There are 2 protein chains.
Amino acid sequence: MRLTIDSLIVLDSIDRHGSFASAAEALHRVPSAITYSVQKLEEDLDILIFDRSGHRAQLTEAGRELLKEGRRLLQAADELVARTKRVASGYEVELRIAVDSLIPIDRLFPLVDQFYRHSCGTRLKLLTEVYGGMWDALVTQRADLAIGAPGEGPPGGGYSTRPLGLVQWAFMVARDHPLASAPEPIPPEVIMPYRSIAAADSSRSLPPRTSGLLSGQDVLTVPDMQSKIACQRAGLGVGYLPLHLTRQDVIDGKLVIKQVVEVRNGTPLFLAWSTQHRGEAMAWLLNRLDEANWRENLLA
Amino acid sequence: MRLTIDSLIVLDSIDRHGSFASAAEALHRVPSAITYSVQKLEEDLDILIFDRSGHRAQLTEAGRELLKEGRRLLQAADELVARTKRVASGYEVELRIAVDSLIPIDRLFPLVDQFYRHSCGTRLKLLTEVYGGMWDALVTQRADLAIGAPGEGPPGGGYSTRPLGLVQWAFMVARDHPLASAPEPIPPEVIMPYRSIAAADSSRSLPPRTSGLLSGQDVLTVPDMQSKIACQRAGLGVGYLPLHLTRQDVIDGKLVIKQVVEVRNGTPLFLAWSTQHRGEAMAWLLNRLDEANWRENLLA
DNA sequence: TAATGTTATTCAGATAATCTGAACATATGA
DNA sequence: TCATATGTTCAGATTATCTGAATAACATTA
């Protein structure tokens with residue numbers, strides 16, 4: 001097998017320019033060099049690539065297949081060189097970003113779009129984590145960047161952080177839930193008999209974190225924050241919900257904010273990334289996320 | 001960009017054999033030829049591929065990326081040559097087979113498996129059609145081969161056929177359907193008030209075919225024969241069903257065969273393929289399907 | 001510690017691949 | 001009929017890649 005990239009370039013040029021002669025001109029060679037390349041390839045592969053029964057050479061069916069798939073190979077070769085240059089020049093091949101489920105992933109789409117538009121070639125992989133799973137993903141290196149990691153990170157360091165914003169919580173119930181008409185502020189013993197809805201912490205190696213649950217209370221655990229909101233809207237249980245994600249439900253009356261004795265403090269969210277990570281793509285993203293409008297939009 | 005397939009072969013060999021010297025031996029070259037190739041590639045791409053600070057050269061991170069993705073490129077190049085040779089030698093690149101929904105597609109899996117084992121490289125694409133859609137797929141060239149095309153083909157010819165088998169039908173209802181206790185043979189006017197279940201003819205260009213429906217009768221149309229059987233088993237409607245696919249349901253009593261005044265004749269099924277189609281893969285398949293045991297298994 | 005083996009490189013020169021330039025055969029268009 | 005275009009052949013030039021020998025540096029073994 002003696003296929004060469006150069007011979008595929010020659011075939012491509014013949015097809016693109018319409019003849020051996022014009023392909024030669026385009027490639028800054030003489031026509032007999034084109035003839036030589038094609039004949040050499042036919043000999044090496046033992047395949048007839050051009051039908052020369054007419055005045056102008058025509059690709060055979062095998063030649064058309066070689067051209068069609070050969071163009072893919074040329075493209076793959078260009079991409080290979082580009083990727084290798086990126087690695088050599090400091091750009092990451094792939095960047096994995098964990099996004100807390102408190103942040104609807106579509107809030108990131110404009111940033112992702114702009115990232116791809118600046119064409120550095122790095123691939124992004126988004127993954128959604130819940131609560132402590134954010135830190136878990138970072139320290140176990142399932143993610144390179146965590147957007148929305150809550151509270152303090154685990155001991156042992158190895159990562160850098162930057163504040164992203166503060167999530168405000170309110171205790172909410174469905175409009176037709178029994179607690180909707182309870183006198184305020186509602187004490188814990190009045191809440192206790194009702195099922196709580198919890199979003200499952202997605203930690204794998206770190207111990208899971210919980211928040212806002214009463215000891216001994218019945219709990220329904222759902223996969224993420226969106227599911228928790230949907231469950232509470234459906235009246236399946238009660239609990240604290242983030243204000244920024246439930247504003248419209250509250251306005252619509254689908255969810256009712258109740259004052260409670262045990263108020264839940266706001267949760268600080270952070271950008272977090274591994275200290276040892278070095279790469280141009282990460283630097284680009286951190287620069288962008290440093291801009292106030294990007295940060296504000298994530299928690300609007 | 002002067003990446004060459006040969007230089008990727010050299011990199012692959014260095015990694016596989018552990019050193020420049022043993023790569024040289026494996027490639028029947030002298031060690032300095034290996035050094036020359038690597039240095040030429042580094043110069044052409046302007047990338048450091050090997051770290052030579054130690055006694056033994058080590059791939060850089062960019063070099064590892066080039067090696068990893070370069071192996072994919074080598075594999076793609078081999079495949080390209082193989083595909084081109086197949087086209088040149090008469091094998092099809094891809095063969096599209098339409099299978100009537102009267103034939104459970106898994107009945108074809110042993111044949112498909114044996115086809116791939118004989119390693120001609122042709123890719124198969126299976127698509128399921130219903131009734132007249134089989135002929136439609138053939139004459140509109142969405143399929144190269146039709147397995148189980150029913151009845152007579154459309155006028156205009158252009159295809160060859162070979163008998164495959166005969167499908168026997170029986171009128172069936174769910175065990176708890178009102179018609180299950182109707183006196184036999186049931187005349188049409190007794191059937192009329194009950195919904196019929198029809199599998200949608202998947203023709204796109206040819207006019208759709210229907211069979212076994214009474215004029216003015218309510219009809220529920222479902223995508224394919226399996227769905228029709230499932231619907232009738234659920235008591236959603238009535239109609240003729242193929243005996244070879246419902247044998248176990250009848251034994252289990254889930255479906256009840258009722259004698260009717262208007263008996264439905266058996267439907268002959270055919271293998272059909274385009275007359276102008278020429279290819280070794282098609283020939284292989286037609287040879288196999290000519291064997292009685294393959295044909296019998298499709299309609300057992 | 002010294003001898004030996006291995007790795008990778010350098011460099012002069014040989015070999016092979018690819019090219020150029022000129023001439024030619026054939027087909028097409030004015 | 002003549003001019004132009006296409007693709008091929010072939011001798012010779014140029015470039016790419018190789019070999020063989022020598023060398024430097026490191027690792028292993030006695």
Side-chain angles (χ1 to χ4, degrees), chain A residues 1-64 66-67 70 74 77 81, chain B residues 1-64 66-67 70 74 77 81:
Chain A
M1 194 276 283
R2 281 284 303 166
L3 181 67
T4 64
I5 285 176
D6 185 76
S7 59
L8 294 176
I9 289 172
V10 167
L11 281 189
D12 174 71
S13 192
I14 292 170
D15 183 68
R16 202 185 296 277
H17 295 91
S19 70
F20 283 42
S22 48
E25 211 170 318
L27 295 172
H28 307 296
R29 302 187 203 183
V30 297
S32 54
I34 303 303
T35 301
Y36 169 84
S37 291
V38 172
Q39 286 182 350
K40 184 69 163 64
L41 187 59
E42 284 176 325
E43 183 184 319
D44 287 346
L45 300 190
D46 195 22
I47 295 172
L48 195 69
I49 297 170
F50 283 94
D51 172 8
R52 296 171 175 79
S53 58
H55 172 56
R56 297 171 65 96
Q58 296 279 348
L59 282 164
T60 60
E61 193 177 344
R64 282 193 291 278
L66 183 59
L67 174 67
L74 287 177
V81 171
Chain B
M1 195 275 282
R2 281 285 304 165
L3 180 67
T4 64
I5 284 176
D6 186 74
S7 58
L8 293 177
I9 288 172
V10 167
L11 281 189
D12 174 70
S13 192
I14 292 170
D15 184 67
R16 203 184 295 278
H17 295 92
S19 70
F20 283 41
S22 48
E25 211 171 316
L27 294 172
H28 307 295
R29 302 186 203 183
V30 297
S32 53
I34 303 301
T35 299
Y36 168 86
S37 290
V38 172
Q39 287 181 351
K40 185 68 163 64
L41 187 60
E42 283 178 325
E43 181 184 319
D44 287 347
L45 300 190
D46 196 22
I47 296 173
L48 195 70
I49 296 169
F50 282 92
D51 172 8
R52 294 170 175 81
S53 58
H55 173 56
R56 296 170 65 98
Q58 295 279 347
L59 282 164
T60 59
E61 193 177 345
R64 282 195 291 278
L66 182 59
L67 173 68
L74 288 175
V81 170

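Everything numeric in this text was worked out from a predicted model, so none of it was measured. Chain identifiers are assigned alphabetically (A, B, ...) following the order of the sequence lines, protein sequences preceding nucleic acid strands; residue numbering begins at 1 within each chain.
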### Query
How many Å lie between CD1 on A:I34 and P on D:dT9, as a whole number?
15 Å

### Angle between terminal axes - the helix from C:dT1-D:dA30 to C:dA30-D:dT1, 5 pairs each end, rounded to 10°
20°

#### Entry: B:L66, B:D15, B:L48, B:I14 screened by side chain to side chain contact (heavy atoms under 4.5 Å, CB included) with B:L59, the one that passes
B:D15

### B:R52 vs C:dT9: side-chain N/O to OP1/OP2 distance below 4.0 Å
yes

#### Entry: Spacing of OG belonging to A:S13 relative to CD1 belonging to A:I34, to within rounding of 0.5 Å
6.5 Å

### Query
Within the distance-only criterion (no hydrogens, no angle test), does the side chain of A:T60 pair as donor or acceptor with the backbone N or O of A:F50 below 3.5 angstrom?
no

### Query
When we call it a touch if two heavy atoms are under 4.0 Å apart, what does A:A21 touch: a base, just sugar-phosphate, or nothing?
sugar-phosphate

### Query
Roughly how far, to the nearest 0.5 Å, is CG of A:L27 from OG of A:S22?
10.0 Å

### Task
Specify the separation, in whole Å, of atom CG of A:L27 and atom C1' of C:dT18.
14 Å

### Message
Between B:Q39 and C:dT10, is there a contact of a side-chain N or O with OP1 or OP2 at under 4.0 Å?
### Response
yes

### Residues A:K40, A:S7; criterion side-chain contact (heavy atoms from CB on, under 4.5 Å); working and verdict
CA-CA 9 Å; A:K40 184 69 163 64; A:S7 59; over 6 Å; no

### Task
Report the distance from atom CG of A:L59 to atom C1' of D:dG7, rounded to the nearest whole Å.
14 Å

### Query
Between CD1 of A:I5 and CG of A:D12, what distance do you get to the nearest 0.5 Å?
12.5 Å

Polar pairs (N or O, both sides) under 3.5 Å between protein and nucleotides 24-28 of chain D?
| residue | atom | partner | partner atom | Å |
| --- | --- | --- | --- | --- |
| D:dC26 | O4' | B:H55 | ND1 | 3.2 |

#### Entry: Interatomic distance, B:K40 NZ vs D:dT17 C1' [rounded to whole Å]
10 Å

### Task
Take the protein atom CG of A:D15 and the nucleotide atom P of D:dT6, then report the distance between them rounded to whole Å.
15 Å

#### Entry: Interatomic distance where CZ belongs to A:F20 and C1' belongs to C:dA27 [whole Å]
16 Å

## Note on the structure
Residues passing the side chain to side chain donor-acceptor pair (under 3.5 Å) test with A:R52, sequence neighbours excluded, are A:E42

### Task
Please round to the nearest 0.5 Å and tell me the distance separating atom CG of A:L11 and atom CG of A:D6.
10.0 Å

### Message
By nearest atom, which of the nucleotides C:dT10, D:dT9, D:dG20 is closest to the B:T35 side chain?
### Response
C:dT10

### Task
May I ask you to verify if any side-chain N or O of A:T4 is less than 4.0 angstrom from the OP1 or OP2 atom of C:dA17?
no

### Task
Answer with base, sugar-phosphate or nothing: what part of the nucleic acid does B:S32 contact at a heavy-atom distance below 4.0 Å?
base

#### Entry: Distance in Å, A:E61 CD paired with A:D51 CG, rounded so as to fall on 0.5 Å steps
12.5 Å

### Message
Working to the nearest 0.5 angstrom, can you tell me the gap between A:L8 CG and A:L3 CG?
### Response
4.5 Å

### Query
What is the distance, rounded to the nearest whole Å, between atom CD of A:Q58 and atom P of D:dT6?
13 Å

### Query
In whole Å, what is the span from the CZ atom of B:R2 to the P atom of D:dT15?
14 Å

### Query
Looking for any heavy atom pair under 4.0 Å, which part of the strands does A:Y36 touch: base, sugar-phosphate only, or nothing?
base

